[in-house]
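Below you'll find the structure, written out as C-alpha cells, and then a few comments.
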Protein chains: 4
Amino acid sequence: MSTPPAPGGGRRPRADAERNRALVLAAARALFEERGEEVQMPEVARAAGVGVGTLYRHFPSKRALVEAAAEQRFAGILELARTDCTRDPEAGRGLARYLHHVGGTLAASPGLTAAAQSATGTSAPGGETRGALEEAVAALIAQGQAAGTLRADLTVADVYMLVGGLSGIIRTGSGDWRRFLDLAFEGLRPRGDGP
Amino acid sequence: MSTPPAPGGGRRPRADAERNRALVLAAARALFEERGEEVQMPEVARAAGVGVGTLYRHFPSKRALVEAAAEQRFAGILELARTDCTRDPEAGRGLARYLHHVGGTLAASPGLTAAAQSATGTSAPGGETRGALEEAVAALIAQGQAAGTLRADLTVADVYMLVGGLSGIIRTGSGDWRRFLDLAFEGLRPRGDGP
Amino acid sequence: MSTPPAPGGGRRPRADAERNRALVLAAARALFEERGEEVQMPEVARAAGVGVGTLYRHFPSKRALVEAAAEQRFAGILELARTDCTRDPEAGRGLARYLHHVGGTLAASPGLTAAAQSATGTSAPGGETRGALEEAVAALIAQGQAAGTLRADLTVADVYMLVGGLSGIIRTGSGDWRRFLDLAFEGLRPRGDGP
Amino acid sequence: MSTPPAPGGGRRPRADAERNRALVLAAARALFEERGEEVQMPEVARAAGVGVGTLYRHFPSKRALVEAAAEQRFAGILELARTDCTRDPEAGRGLARYLHHVGGTLAASPGLTAAAQSATGTSAPGGETRGALEEAVAALIAQGQAAGTLRADLTVADVYMLVGGLSGIIRTGSGDWRRFLDLAFEGLRPRGDGP
DNA sequence: GATGAATGAGCATTCATTCAT
DNA sequence: CATGAATGAATGCTCATTCAT
C-alpha cells in the first residue's frame, strides 16, 4: 500500500537531504561569522529555510554545527595552501603567503573564530582537514628552507602556534596582524641572515 | 591592652565591608581563572562566604566582577613590570622578562582571559591600569633600544599586539608560548643584528 | 470511518498550539482574577498543564499575558454590549444594562483589573476591542437619548469615565457599585426630567 | 549605671527622634506621590538623610510607611473639610467643595493613591482620621440637605463611594474628574429638583 | 524525512528587612 | 539611638534540544 521509492515519480531521494545540509551549513557559517556564538539554533534554521528538526538531523548539536562551519572555513584555507604550494616554489615565499591568507580569512570572520573557540575549546581544525593542512604547511616550510628564507629549525608546530597568535590578535583586535606577520617573519629567517 | 586598631580583632563599619569586597574578588578571581565565565554568581558568593546581595553591593553585575578580577590580574603584571624596569636596566632584557611574566600569568589563569574576553569584549586592561602599563612598557622598550637589544622601530602598540598573540596561543593551547617569545624576540632584534 | 477532522481525535500541528494558547490564557485569566499580579509565570504554566517555554512562546512577557487576559474580559463585555444594543432598543435602558454588566464583570474579577492596571498602566482595553466597544457604547447612548432616558450632552468619554469610577469603587471596595450606578443614572437623565 | 536623661548635657533626648520621623515621612510622601510603590526603602532613607535602620525604627515596614504617608494626606483633606464646614454653611455647597478638594489632592499625587492601594488593599483612610472625616462629611451632608441642595437619602457611605470612584478615575486617568463631579452632583440633587 | 511546538533547567539580578557595631 | 552592610528568597525569562505529527 505504501509507495516508498515510487517508480516513475521523480521526487528527490537523497539529493534534497544533501541540499538541506548545505543550506544549513551556509546559513550557519554566515551567521556565526557575523555574530558569533550568540546566534541561536532556531535562527539558523530560519535563515536556512528549514525547521529546527531538519537542522538537528544534520548536526546533532550546536557545537557540531559550529565545528562544521569552522571546518569549512579551514577547507577553504587548505585550498589556498595547496595553490600556494604549487606557485613558484623556488621563491620560498609560500609560507608568508599562506599566513597572509589565513590572516585575511580570520579577519573576515571574527565571530566564527570566537564561536569555535568557545564551543570547541579550540579554534584549530580537527579531523581530515587538520592532517591535510599539516602536510601542506610542511611542504611550504620545506620549500622555504630549501630557498633559504626560513630557519632550519622551524616546524609545523611553530606555524600552528603562529596561527594561534594571529587568531588571538585578530579576535581581540589587539593590533595590525600584518605587522605581526612582518615581525614574525623577521624571526623566522635563518639566523645571521641580516641585511 | 587597649586594642583599638587591633590586628585580627573585631571591627565592621568600613573595614569589614572592604574585607568582604576583597574576599569576593579573590573568590571570583580564583573561580574565573579555573572555570571561566561559566561560574555562577551565587557560586562566587558562596565561595567568598557572603550572600549574593553582598556580592552585588560591591559589583553591580557579573560583567563588573569579571572586569575587576581581570583588572586585578593586570595590576599584578604592572607591579612586575615596574620591578623589571628597575632591575639592571643596562642589560636591555626587561621587555623579555616582562613578556615572560605576562605569559606565565596568562598561562596560569586561562579561564579568566576567556571570561574577560566574552564579558568585556576584550581581554586587555582598561582604566588607570592600562595607562600605567603603557608607560611601563614604553620604558622597557626604551631601555632595550638603548641597550641595543631591540629594533628602533618597536612601539608600545607592537608589544600590545604581541601580548594579544601570546594570549591567543595560551588560550587556544596552540603551542609552547615560550617558543613563541623566542621566535618573536628574534624578530625584535635590531635589523642586521645576526651573529 | 474516515476521521480526518475528527472531533476529539488526535491532531497537533496547529490546532494543538492554538489549544495550548487557549489553555494558557484561560489558566492565566482564572489565576489573575483571583489573585492579581502576584501570580507567577511558572504557576500559570503549571495550571495550564504546559511548560513555561510554551507559555512564553504564546505570550512574550508577563505583561503581554495580563493584557491578553484583560482583553479577553473586555471581549466578553463587548459581546454583551452588542446583545444589549439589539434587545428592545426603544426602552432606552441599554446603557444601564451595559454598565451593570461591566460592574458585574469587574466585581467578579477584581484581581485582573488590578493586574492590568499595574502591568499595563491602565485597566482599559486597547486595540480593536477598544474601538468596537466605543462604537457599541455610542449606539447605546444614541438609543437612550432617542428614548429620552439620557441627557443630550452625554458622550462616550463620559461613559468611559464612569467605568473608570465603577472600576475604582469595585477594586477598592469602597461601596455598593449598584448604588453608584443608581446615583449616576440620576445624574444622566435629561435635565429637568424630575418626577 | 545608665545615664538616660543625662543631667547637664543639652543633647536631644526625644526631639531628634521626632524630627527624624517627620523627615522620613516627608521624604516618603514626596517620593510616593511622584513614583508610587516602586520607590525603595533605602531610597526613602537616603532622601530623608537617615539610614535605613532609622527609617525602620519609626516605621516597621514599607506598608506602614505608605499607610502613614497616605494618612497624612487624609489629615490635610480633613483640615479642609473642617474649614469648608464652617464657611457659609447656609449655601449648602460644602460637599461639592469638599469633593473638589479631594479630587485636587488625589490628582496632585496619583502615585501615593496607587501605593496605598497596593500596599494596604485600600486607598481609604483608617484609624482616627477616618472617624473624623466621617463626622465632617456627615456634617456637610446635613448642611446640604438642610439647604435643599442634596437628596434626603444621601449617606456618608455614598460619599465614601463617590470618593472611591473619583480616586479610580484619577488614578487610571479615565476622564476629567471635574466632569465626573458635575454629573454626580446632578444625581445628588433632591429628586424632582429640575430647573 | 521534515516540521516547529513544547520543554524546563538554569541564571542574573532585586529589595524588604535584620542586626552587629 | 543611628547606621548601612549583609542577607537570600524570590522571579521573569532564555534557548538548546526533543519528539509527536
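First the proteins, then the strands, lettered A, B, ... as listed; each starts at 1.
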Length of the [atom1]-[atom2] vector between [X] and [N], whole Å:
X        : N       : atom1 : atom2 : value
Glu18(C) : dT21(F) : CD    : P     : 18 Å
Arg19(C) : dA5(E)  : CZ    : P     : 17 Å
Tyr56(A) : dC15(F) : OH    : P     : 12 Å
Leu55(D) : dC1(F)  : CG    : C1'   : 14 Å
Asp16(C) : dT21(F) : CG    : C1'   : 10 Å

**OP:** Provide the closest heavy-atom pair for Phe32(C) versus Ala69(C) in the form atom of the first, atom of the second, distance.
**Re:**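 Smallest heavy-atom distance, with atoms named: CD1-CB, 4.3 Å.
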Does either side chain, that of [X] or that of [Y], offer a donor lying less than 3.5 Å from an acceptor on the other one?
X         : Y         : value
Thr113(D) : Arg73(D)  : yes
Arg171(B) : Gln117(A) : no
Arg63(A)  : Thr120(A) : no

Subject >> Runs of at least three Watson-Crick or G-U pairs with DNA chain F, cut-off 3.5 Å >> reply: E:2-21 with F:2-21
Original post:
So do the side chains of Asp16(A) and Arg19(A) get within less than 4.5 Å of each other, counting heavy atoms only?
Top reply: yes
Is [X] near enough to [N] that one of its side-chain N or O atoms lies under 4.0 angstrom from OP1 or OP2?
X        : N      : result
Thr54(B) : dA5(F) : no
His58(C) : dA6(E) : yes
Arg57(D) : dC1(F) : no

Original post:
Does any residue of residues 61-68 of chain D have a heavy atom under 4.0 Å from DNA chain E, and if so, which ones, in number order?
Top reply: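 Heavy-atom cutoff 4.0 Å gives Ser61(D), Lys62(D).
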Original post:
In residues 20-46 of chain B, which ones come under 4.0 Å of DNA chain E, going by heavy atoms?
Top reply: Gln40(B), Met41(B), Pro42(B)
Subject >> Upstream residue (5' side of DNA chain E) when Gly51(C) and Gly51(A) are each assigned their closest nucleotide >> reply: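 Its nearest nucleotide lies further toward 5', so the answer is Gly51(A).
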Original post:
Quick one: which of dG1(E), dA16(E), dT14(E) gets closest to the side chain of Ala17(A)?
Top reply: dG1(E)
**OP:** List the steps and the verdict of side-chain contact (heavy atoms from CB on, under 4.5 Å) for Asn20(B) and Leu55(B).
**Re:** CA-CA 8 Å; Asn20(B) 272 337; Leu55(B) 189 162; over 6 Å; no
**OP:** Could you check whether Val52(C) gets within reach of a base, just the sugar-phosphate, or nothing at all, counting any heavy atom under 4.0 Å?
**Re:**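 Contact class for Val52(C): base.
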**OP:** Could you pull out all residues at least two apart from Arg21(D) that satisfy salt bridge (charged side-chain N to carboxylate O under 4.0 Å, His left out)?
**Re:**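 Arg21(D) satisfies salt bridge (charged side-chain N to carboxylate O under 4.0 Å, His left out) with no residue once adjacent residues are dropped.
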Subject >> From Leu31(D) atom CG to Glu37(D) atom CD, the distance as rounded to the nearest 0.5 Å >> reply: 14.0 Å
Subject >> Donor-acceptor contact below 3.5 Å, side chain Lys62(C) vs main chain Val39(C) >> reply: yes
Let me check something: any side-chain donor-acceptor pairs from residues 41-53 of chain D under 3.5 Å, sequence neighbours excluded? List them with distances.
unit_1	atom_1	unit_2	atom_2	d
Glu43(D)	OE1	Arg35(D)	NH2	3.1
Glu43(D)	OE2	Arg35(D)	NH1	2.7
Glu43(D)	OE2	Arg35(D)	NH2	3.3

**OP:** With sequence neighbours left out, write down each residue that passes side-chain contact (heavy atoms from CB on, under 4.5 Å) with Ala68(D), or none if nothing qualifies.
**Re:**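 Checked Ala68(D) against side-chain contact (heavy atoms from CB on, under 4.5 Å); matches are Leu25(D), Phe59(D).
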